[in-house]
Amino acid sequence: MAATPLGEANIPDTKAKMDLQDKKSSWYDQKLKSLGSSGRELLENYGNIPAAEVEDHVYKIRDEAWDVFPYPCIGEFRFLDLALSLSPDYPAVLQRLKSGKENFLDLGCCFGQELRKLVHDGAVQENLYGCDLRAGFFEIGYRLFLDRDTLKSKFIEADIFDANSALSGLDGTIDIIYAGSFLHLFDYDGQIEVCKRMVKLLREKNDSMILGRQVGNTVAGEFVQETNEGGIMFRHSGESFKKMWDEVGEETGTKWRVDYDFALLEGLSKEGDDVEPTLGMLRFSVFRE
């Protein structure tokens with residue numbers, strides 16, 4: 001079984017740099033190059049932060065979060081990408097969550113930014129759950145969105161591999177799981193175990209679903225991942241991801257349909273980055289049949 005993840009970068013000496021919380025690291029951006037329209041809109045219209053104060057607020061909260069734990073997604077301001085809403089299945093997910101009859105879990109939720117986007121778009125917030133290894137991020141989320149007294153969604157501190165964690169209280173009650181930039185933190189066996197854990201969390205019914213995105217590769221295989229204790233990550237191609245879910249189905253006595261798209265990261269990287277030509281982003285939706 002894979003060890004608990006420590007970050008999301010494949011950079012030499014990453015662990016040592018993260019321990020030192022070094023703001024000179026390559027994944028700590030000194031300047032916010034651009035704040036996407038969806039992130040800004042959420043801060044202004046959900047968080048009620050004046051437009052002229054948004055960027056200063058983001059800088060301040062980013063640095064507070066960096067002191068909790070210096071993940072690359074924090075240093076690079078990627079926590080405001082709001083990737084869930086870019087999924088082709090987002091409209092259907094949102095309609096299901098507006099009904100008040102279905103529950104949603106964000107695994108590795110960080111500040112809970114995706115939950116806030118759902119709430120802002122009309123989902124029933126009492127049915128939304130976020131889970132992360134570090135509860136300090138939940139507090140950061142309240143400060144980022146200024147909603148401590150209004151948000152009714154629930155946050156759970158848990159290790160996905162701990163069968164006795166508080167997450168077990170949700171077993172069999174979740175209809176939709178979001179796993180954004182999460183599975184790729186683990187080796188192949190670790191991903192199998194995480195997927196089996198997600199199956200246990202979901203209701204036993206057709207159209208229970210898991211959606212998300214992760215770093216992939218046109219040629220699936222293991223790669224060095226210096227920010228988890230196991231030291232290895234498995235990057236999927238679309239086909240290898242589908243085969244993994246066949247294996248998960250066999251081990252759990254379930255059946256799954258996998259939809260995916262894959263985009264090479266060349267041209268999507270930051271200026272000056274050297275991106276492997278086979279590296280890409282795998283976006284997926286997995287449906288129980």
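Just so it is clear, the values below take in all heavy atoms, side chains as well, and ignore hydrogens, waters and symmetry mates.
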Asker: With sequence neighbours excluded, tell me which residues meet side-chain hydrogen bond (donor to acceptor under 3.5 Å, both in side chains) with Glu53.
Answerer: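 Residues passing side-chain hydrogen bond (donor to acceptor under 3.5 Å, both in side chains) with Glu53: none at all.
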
Asker: Show me the pairs that pass ring pair (Phe, Tyr, Trp, His ring centres under 6.0 Å) and involve residues 95-118, at least two apart or across chains.
Answerer: Phe79-Phe111, Phe111-Phe137

Asker: Not counting sequence neighbours, which residues clear side-chain hydrogen bond (donor to acceptor under 3.5 Å, both in side chains) with His120? List them please.
Answerer: Glu41

Asker: Are Ile160 and Phe182 close enough that some pair of their side-chain heavy atoms sits under 4.5 Å apart?
Answerer: yes

Asker: Under the rule for side-chain hydrogen bond (donor to acceptor under 3.5 Å, both in side chains), what residues qualify as partners of Asp207, not counting sequence neighbours?
Answerer: none

Asker: Side-chain contact test, heavy atoms from C-beta onward, threshold under 4.5 Å: evaluate it for Val199 versus Trp245 and give yes or no.
Answerer: yes

Asker: Sorted by first residue and then second, give each side-chain hydrogen bond (donor to acceptor under 3.5 Å, both in side chains) pair with at least one member in residues 209-222; sequence neighbours left out.
Answerer: Asn217-Thr278

Asker: Got a sec, which residues hit side-chain hydrogen bond (donor to acceptor under 3.5 Å, both in side chains) with Glu55, two or more places apart in sequence or on another chain?
Answerer: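 side-chain hydrogen bond (donor to acceptor under 3.5 Å, both in side chains) list for Glu55, sorted by chain: Arg40.
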
Asker: Counting only pairs under 3.5 Å, give me each side-chain donor-acceptor contact of residues 169-179, with atom names and distances, residues two or more places apart or in other chains.
Answerer:
unit_1: Asp171; atom_1: OD1; unit_2: Arg197; atom_2: NH1; d: 2.9
unit_1: Asp171; atom_1: OD1; unit_2: Arg197; atom_2: NH2; d: 2.8
unit_1: Thr173; atom_1: OG1; unit_2: Leu170; atom_2: O; d: 2.6
unit_1: Asp175; atom_1: OD1; unit_2: Arg203; atom_2: NE; d: 2.9
unit_1: Asp175; atom_1: OD1; unit_2: Lys205; atom_2: NZ; d: 3.4
unit_1: Asp175; atom_1: OD2; unit_2: Asn103; atom_2: N; d: 2.7
unit_1: Asp175; atom_1: OD2; unit_2: Arg203; atom_2: NE; d: 3.1

Asker: Please identify each residue that fulfils side chain to side chain contact (heavy atoms under 4.5 Å, CB included) with Gln95, with sequence neighbours left out.
Answerer: Lys98

Asker: Does Arg116 make a cation-pi contact with Phe155, if we ask for NZ or CZ under 6.0 Å from the ring centre and within 45° of the axis?
Answerer: no

Asker: Restricting to ring pair (Phe, Tyr, Trp, His ring centres under 6.0 Å), what partner residues turn up for Phe284, sequence neighbours left out?
Answerer: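 With sequence neighbours excluded, Phe284 shows a ring pair (Phe, Tyr, Trp, His ring centres under 6.0 Å) to Phe241, given in chain and number order.
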
Asker: Please list, chain by chain and in numerical order, all residues satisfying side chain to side chain contact (heavy atoms under 4.5 Å, CB included) with Ser153, sequence neighbours excluded.
Answerer: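 Here the qualifying residues are Leu115, Val119, Gln125, Leu128, Leu151.
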
Asker: For Lys255, give me all partners under side chain to side chain contact (heavy atoms under 4.5 Å, CB included), at least two apart in sequence or on another chain.
Answerer: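 Side chain to side chain contact (heavy atoms under 4.5 Å, CB included) check on Lys255 returns Glu289.
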
Asker: Please name all residues satisfying side chain to side chain contact (heavy atoms under 4.5 Å, CB included) with Ser285, sequence neighbours left out, ordered by chain then number.
Answerer: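 Residues passing side chain to side chain contact (heavy atoms under 4.5 Å, CB included) with Ser285: Ser87, Asp89, Met209, Leu211, Phe287.
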
Asker: If you define the side chain from C-beta out and look only at heavy atoms, does anything of Asp29 sit under 4.5 Å from Phe77?
Answerer: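 Contact flag for Asp29/Phe77 side chains = yes.
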
Asker: Any side-chain heavy atom of Glu251 sitting closer than 4.5 Å to one from Val248?
Answerer: no

